[in-house]
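In the text below, chain A, chain B and the rest are named by the order of the sequence lines, each starting its count at 1. Computed from a predicted structure; not experimentally measured.
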Amino acid sequence: MCSRASRSPGGDLAKQARLGAALLVAALAAGCSLSGGQSQNQSHTVTLVTHDSWQVDKATFEEFQKTSGIKVTVSPNGDAGALTTKLVLTKSNPIGDLAYGVDSTFASRALGEGVFAEYRSPEAEQGPQRYKLDDTGRLTAVDVGDVCLNVDTGWFTQKGLPAPASYADLIDPRYKDLLVVEDPATSSPGLAFLLGTIAANGQNGWQDYWTRLKANGVKVDAGWTEAYSQDFSGSSGKGPRPIVVSYASSPPSEQGRTKALLDTCYRQVEYAGVLAGAKNPEDARKVLDFLLSQKFQSQVAEQMYVYPARAGVALPDSWKTAAPLPDKPAQLPADQVQANREQWVQQWRKLVQG
Amino acid sequence: MSARALGLLGLALLPLVFLGLFFAWPVASILGLGLRDGGVLDVLTSADTWRLVGFTVGQAAAATAVAVLAGMPLAYVLARCALPGMGLLRVLIVVPFVLPTVVVGLAFRALLPDGGVLSIVLANAFFNVAVVARTVGGLWAHTDRRAEEAARALGASRWRAFTSVVLPAIAPAIGSAAAVVFLFCATSFGVVLMLGGARFRTLETEIYLRTVELFDLPGAAALSVLQVAAVLAVLVIGAVARRRRETALALRRSVETARRPVGGEWAVVAAACLVLVGLMVPVIGLVARSLSGGVDGYLALAGQGDSNTLQVPALETVQNSLRAATDATLLAMALGVTSAVVLSQVRRGRRVLGEALDVALMVPLGVSAVTVGFGYLITLGDLPVLVPLAQALVITPLIVRTVLPVLRAIDERLRQAAGTLGANPLRVWREVDLALAGRSLVAAAGFGYVVALGEFGATSFLARPEAPTLPVAIGRLISRPGVLNNQMAYAACVLLMLVTVAAVVVIERLRTTAVGEF
């Protein structure tokens, strides 16, 4: 047997050269990347580890870096859960100098593992202290992002049905098959909603409440995206269900078609803290001060859909009516959440999905 | 040890060192951390765990079967038919592969509202039909048509000729493709979560939940060990099955083997069309969705979304995607081609060694991105360089799988003849292997590039905020409220498809002009 492929030696050489070049470029690309990213000026550099929702007004951030002389490198690390896990895994050799985005459901884990160092920012007196977890001064509240039921107001007007107002309304047969929620095992708003129902119905009453909710046709999705943007009727997905678990801050994005039910909110607070073992703790503290400053706080609503922790910071105009801060949200103590969440979620799974 | 054996060993070191450094070490470290505290037995003896294993393997096997069945007619048409529109077909079928899972998940939820297991299987198959069509089509195009014609002339039915002549020849490629698809499906994450409505859990989703949400590292490590064991078992079975089938084939130019279909062959063409329609339904749905609000979403791509959801304009992420994919493809080509050469040579004599390397290269496809990602974190730190490395881990086995069946099918006597005529090993490789497999090499690079473009898992885990890739940007846009963000997300999906199509077209051009037709 022989090959029919005959070709000129010249063509082969050219091919060889091309292949060689490709290999060389590959080696160079790998080499370049490996050496890149290490040549940072150590003196005034701070690495800020955040969750993926981090977002900041560019001008504000640049101005801070210019006036303070601190270069801030932002390193997003997944959602609040992934961020906390990463901080705990790397606590002996921290991946940054300070972290922002550990929320009230995960804070106990981080504090228990000794991830954060004490730092009492003078700015914390301007309101953030309202949301403090304990008196050790290791985590400071930066913002509040409450999880509330959202309803499609147009849907209810059209059906001549009053929109529900409380958890109790949801088990009313009039609202059968209208609610979509997220799975607390896989979604952070889903977990917040479960905690809200536990706070409202008590540690012994919530199972019964969920049994009725299930009988009333609650739909459970794995994540916020499919629940809100596909199954909810008030969003661009125009789904079949007019009640969804989302955030107090979602309505301004929907141009008046939805509203949050302020009596069904669960408070989620996002914290920041200087990491124990930070390479540059001094500058990290200044960056934390900046996160609590009037300038930074006044842009968190627009940038990250959350409420400033600092007192007296004005909300954007569109939020004043569409998304006021809930004034009496439910909240469970962080240590209680930490101690029970796995068990609660397991019980919930058996009850609702079993 | 001969100089040749030494040379091969040297070549083998490149992929082995890479795997050791960027896969084995990080994974072993994170597993070690979890296993240190014991508790593994509890997990392994729980009935719940074995249900997870059963469902994981079951859904992956079903999706693999569907992908192979759907991919075969396409592979046939790509390999054997000289029809107009073949170039277009070749390009269209890779589009599903790059679509972000979150978008495909939404599309399948819309198509099959109460889908459950069926929609998980179909969605996983949807992603992977291209793997089968391209891997199998690649070898099929080069197999000699005359053998089956002889069988037909001797009175065999079309089916008989296929099963006793064609199938044995292309079986190695089918096995290769099936193994890859199985691993992709077994570790698929987003699709299972979204379409299972969280009711159906796999090892992959459970490892994620235990690691990230519950911080149950021992539990996660135990499940990861199970996952690695299951993957190894599947790969070893695959390797043993392949060993008996792989034979030297008389490879032909693909133009010689393709012709206009006749008679019953049109039935296969019709089946291929049906599969294509099936693949395009979700794709067309996405395009329609992107246009539901006019062209607002497209116009918004120049910006950063409603309230600056993105840190850079969406269009800029295209550049990031292209750059990251180029890096990863070059790296993976260097590793993949080296490995394929070693594997094709080492086969005679030290078969077991070769197969061990083969299996080792495939394992990263079957191990949870969460395990690998957290492993990177505690061993290699948080260096930005990790994105192309992590992508290369995924692409390298695909390149090996595309190139290796062709290299192995090359008749050894050709190499021996070249050697006898005085060519040194490099020259032999150039004149024989490269000449025969060059086209597959470019095809492999093209497919690798496409995979890198669409890769989301590792990238979202490791990407830098100021340089998000297009799939990462889509994920971010779709997870925010607001009509504009949503429209932009869909428009960005269409953009991703266009970029993919353009990349494939360019690479296909390269394939016919630069490497020559074979």
Going from CG on B/L477 to OG on A/S229, what distance comes out if it is rounded to the nearest 0.5 angstrom?
11.5 Å
Using heavy-atom distances under 4.5 Å, tell me whether A/S53 contacts chain B through its side chain, its backbone, both, or neither.
both
Could you tell me whether the side chains of B/R476 and A/Q55 share a donor-acceptor contact shorter than 3.5 Å?
yes
Choice from B/T326, B/I478, B/L217, B/I378 maximising heavy atom contacts with chain A below 4.5 Å:
B/I478
What part of A/E113 gets within 4.5 angstrom of chain B, counting heavy atoms only: side chain, backbone, both, or neither?
side chain
Would you check, one step at a time, whether the test side-chain contact (heavy atoms from CB on, under 4.5 Å) holds for B/R201 with A/T186?
CA-CA 11 Å; B/R201 295 179 293 153; A/T186 52; over 6 Å; no
Below 4.5 Å, heavy-atom pairs only: which of A/T50, A/N93, A/T84, A/V88 has the largest tally toward chain B?
A/V88
Full working for side-chain contact (heavy atoms from CB on, under 4.5 Å) between B/E213 and A/T85:
CA-CA 8 Å; B/E213 301 292 330; A/T85 302; over 6 Å; no
Does any backbone or side-chain atom of A/E254 lie under 4.5 Å from a heavy atom of chain B? Answer side chain, backbone, both or neither.
side chain
When heavy-atom pairs shorter than 4.5 Å are enumerated against chain B, which of A/L89, A/T90, A/L83, A/D79 gives the highest number?
A/L89
Side chain from CB out, backbone as N, CA, C, O: work out which of these in B/R289 comes under 4.5 Å of a heavy atom of chain A, or both, or neither.
side chain
Please report the C-alpha distance between A/D231 and B/R109 in whole Å, then the side-chain angles of each, then the deciding distance to 0.1 Å, and finally whether the side-chain contact (heavy atoms from CB on, under 4.5 Å) criterion is met.
CA-CA 10 Å; A/D231 289 338; B/R109 285 179 104 251; 3.1 Å; yes
Can any side-chain N or O of A/Q230 pair as donor or acceptor with the backbone N or O of B/L106 at less than 3.5 Å?
yes
Given a strict heavy-atom distance threshold of 4.5 Å, which part of B/L209 is in contact with chain A: side chain, backbone, both, or neither?
side chain
Considering only heavy atoms, which portion of A/Y247 lies under 4.5 Å from any heavy atom of chain B: side chain, backbone, both, or neither?
neither
Side-chain touch B/P481/A/F232, heavy atoms, less than 4.5 angstrom
no
For chain A, find which of B/N486, B/V432, B/T329, B/L335 contributes the most heavy-atom pairs closer than 4.5 angstrom.
B/N486
If you take all heavy atoms of B/V212 and A/F106, which pair is closest and at what distance?
O-CE2, 4.1 Å
Answer with side chain, backbone, both or neither: which region of B/A332 has an atom nearer than 4.5 Å to a non-hydrogen atom of chain A?
neither
